[in-house]
Amino acid sequence: MRFEVTILGSSSATPIFNRNPTSQALNINERLYLIDCGEGTQQQMLRFDIKASRIDHIFISHLHGDHYLGIVGLLSSLHLNGRIKPLKIYCPPQLKEIIDLQLNYSETTLQYPVDYVFTNPEKAEVILENQDITVETIPLNHRISCTGFLFKEKKRLRKLIKDKLEQLAIPIEYYSALKKGADYIMPSGEVLKNELLTIDSSEPKAYAYCSDTLYDEMYFKQINSVTLLYHEATFLNNMLDRAIETHHTTALQAGQVALITNAKKLLIGHFSARYKTLNELLDEARSVFPETDLAIEGRTFVIGE
């Protein structure tokens, strides 16, 4: 199953040079999910061939402008381009008031329904479940209410050993039950154990998106052993006092989070505009957790590779 994330924006509070405010497009089994929608997100989607019309779910972590100021423009463009299918937005409740106000004063009535699912920053909750995934909120510690999001694949059915089934002349109508773990009883009465006829599917993968947050162990258990951890790394550790003051994380701390939570791979982003190049941030995180990469805009990361 396709499971990958494309970085649309990786800057923190302000855009700088070739970096835009935070946004990511997640492709799970050819369904697109937008995570945060900073200023310029529409332009980035055009630049990197992410079709806005395919997005049915938008997740907004919190109400600092670099994470949501692009959403009204996106909703308006979808309206102008003739969208009629529903759109779901998972967000703090105050975002609906902001969107309604702007649409009201521009006398705009969207041609498509927008359904809101309001997040609770006080506890982790499942906010979406479909045939492919579940999505949970991750309560974080920022200056205002903020949640991350945990995208978890569902366990796939077992895989049939086709050669064995054909050799034993097992009728095709039994294949579905075998995929679900059932044994097979031969006409002679012999019971063939399921593990002789099928193999287990691969372990489900998980992507944790940890938006703006102070280093805080309260969310570590929830993100334990994820396949790919995205974690903000706004500053170098020589600015730890500033990180604490603004409720952000340093690159060194992001590496520590990945190490402690047994992440398979770490992706750092939300870089302060003070950094013209990012090598120092990458080196600092890798000094603790070598399997670290930069959330470079336009790059697509396959989750599990």
Side-chain angles (χ1 to χ4, degrees), residues 4-26 35-41 44 47-48 61-62 64-67 138 140-143 146 148-149 207-217 219-220 223 226-303 305:
E4 61 188 33
V5 61
T6 299
I7 308 302
L8 302 176
S10 64
S11 187
S12 56
T14 58
I16 181 74
F17 299 109
N18 60 339
R19 301 201 301 269
N20 290 264
T22 300
S23 186
Q24 300 182 3
L26 191 62
I35 311 173
D36 278 337
C37 188
E39 179 185 358
T41 293
Q44 293 293 84
R47 182 181 176 193
F48 301 125
S61 61
H62 66 296
H64 280 154
D66 53 319
H67 294 261
I138 306 171
L140 299 172
N141 185 346
H142 194 40
R143 289 195 299 110
C146 183
F149 302 102
Y207 177 57
Y209 173 84
C210 291
S211 180
D212 299 16
T213 184
L214 192 69
Y215 179 95
D216 189 330
E217 294 185 2
Y219 58 93
F220 285 12
I223 64 173
V226 295
T227 315
L228 178 62
L229 168 63
Y230 167 84
H231 202 286
E232 72 123 296
T234 307
F235 301 106
L236 288 169
N237 210 58
N238 60 12
M239 296 196 68
L240 179 59
D241 289 345
R242 178 63 176 162
I244 293 171
E245 177 187 355
T246 57
H247 279 66
H248 284 298
T249 306
T250 69
L252 185 73
Q253 289 177 320
Q256 291 169 337
V257 173
L259 182 66
I260 293 169
T261 61
N262 300 306
K264 305 297 186 297
K265 184 172 181 176
L266 170 65
L267 195 58
I268 56 172
H270 199 263
F271 310 115
S272 169
R274 73 185 64 243
Y275 303 113
K276 305 301 186 292
T277 62
L278 303 173
N279 289 339
E280 285 183 282
L281 291 150
L282 179 61
D283 290 344
E284 186 170 276
R286 282 182 172 175
S287 71
V288 179
F289 192 78
E291 287 298 315
T292 301
D293 216 332
L294 295 169
I296 299 294
E297 294 172 21
R299 284 195 63 185
T300 295
F301 297 88
V302 177
I303 296 164
E305 283 190 358

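The shown structure was predicted, so the numbers you read here are calculated from the model rather than taken from an experiment.
Considering every non-hydrogen atom in both L229 and I223, the closest pair reads CD1-CD1, 3.9 Å. Between F235 and R242, the closest heavy-atom pair is CZ-CG, 3.6 Å. A pairwise comparison of heavy atoms in A273 and S12 identifies N-OG, 4.0 Å as the closest pair. Heavy atoms only, all atoms of each residue included: P15 and P21 are closest at CB-CD, 3.9 Å. Closest of all the heavy-atom pairs between L252 and S287 is CD1-OG, 3.7 Å. Across all their heavy atoms, A251 and A233 have their closest contact at CA-CB, 3.7 Å.
Residues H64 and H142 bring a donor and an acceptor atom of their side chains to less than 3.5 Å of each other. For T300 and E4, the side-chain atoms include no donor-acceptor pair closer than 3.5 Å.
Here the side chain of Q24 pairs no donor or acceptor atom with the backbone of I35 at under 3.5 angstrom. Q253 contributes a side-chain N or O that, together with a main-chain N or O of T250, makes up a donor-acceptor pair within less than 3.5 Å. At distances below 3.5 Å, not a single donor-acceptor pair connects side-chain atoms of Y215 with backbone N or O atoms of I244. S10 contributes no side-chain N or O that, together with a main-chain N or O of E297, makes up a donor-acceptor pair within less than 3.5 Å. In this structure, the side chain of T277 does not engage the main chain of N279 through any donor-acceptor pair within 3.5 Å. No donor-acceptor distance shorter than 3.5 angstrom exists from the side chain of E280 to the backbone of L236, with no hydrogens or angles considered.
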For R19 and I16, run side chain to side chain contact (heavy atoms under 4.5 Å, CB included): C-alpha distance rounded to whole Å, both residues' side-chain angles, the deciding distance at 0.1 Å, then the answer.
CA-CA 5 Å; R19 301 201 301 269; I16 181 74; 3.5 Å; yes
With side chain to side chain contact (heavy atoms under 4.5 Å, CB included) as the test, would you mind laying out the steps for T213 and T249 before giving the verdict?
CA-CA 6 Å; T213 184; T249 306; 4.0 Å; yes
Trace of the side chain to side chain contact (heavy atoms under 4.5 Å, CB included) decision for N141 with H247:
CA-CA 7 Å; N141 185 346; H247 279 66; 3.2 Å; yes
Should H248 and D212 be marked as a side chain to side chain contact (heavy atoms under 4.5 Å, CB included) after you check the CA-CA gap, both sets of side-chain angles, and the distance that decides it?
CA-CA 6 Å; H248 284 298; D212 299 16; 3.3 Å; yes
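Using a 4.5 Å heavy-atom cutoff, the side chains of T14 and D66 are not in contact. Under the 4.5 Å side-chain criterion, counting only non-hydrogen atoms from C-beta, Y207 is in contact with V5. Side chains of L26 and I303 form a contact here, defined as non-hydrogen atoms less than 4.5 Å apart. In this structure the side chain of M239 reaches within 4.5 angstrom of the side chain of R274, judged on heavy atoms.
Screening H67, H62, H270 for a side-chain hydrogen bond (donor to acceptor under 3.5 Å, both in side chains) with D36, the sole residue that qualifies is H67.
Rounding to the nearest 0.5 Å gives a distance of 4.5 Å between OH of Y209 and OG of S61. Going from atom CD of E39 over to atom CD of Q44 covers 11.0 Å, rounded to the nearest 0.5 Å. In this structure, the separation between OG on S11 and CZ on F271 is 9.5 Å, given to the nearest 0.5 Å. Here the CG atom belonging to L8 is positioned 9.0 Å from the CG atom belonging to N20, to the nearest 0.5 angstrom. To the nearest 0.5 Å, atoms CZ (F149) and CG (L140) are separated by 9.0 Å. Distance CG/L228 to CZ/F301: 8.0 Å, rounded to 0.5 Å.
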Listed pairs under 3.5 Å, donor-acceptor, residues 254-262 side chains, sequence neighbours left out:
{"residue": "T261", "atom": "OG1", "partner": "V257", "partner atom": "O", "Å": "2.7"}
{"residue": "N262", "atom": "ND2", "partner": "N224", "partner atom": "OD1", "Å": "3.4"}

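Looking at D293 and R299, a side-chain N of the basic residue comes within less than 4.0 Å of a carboxylate O on the acidic one, giving a salt bridge.
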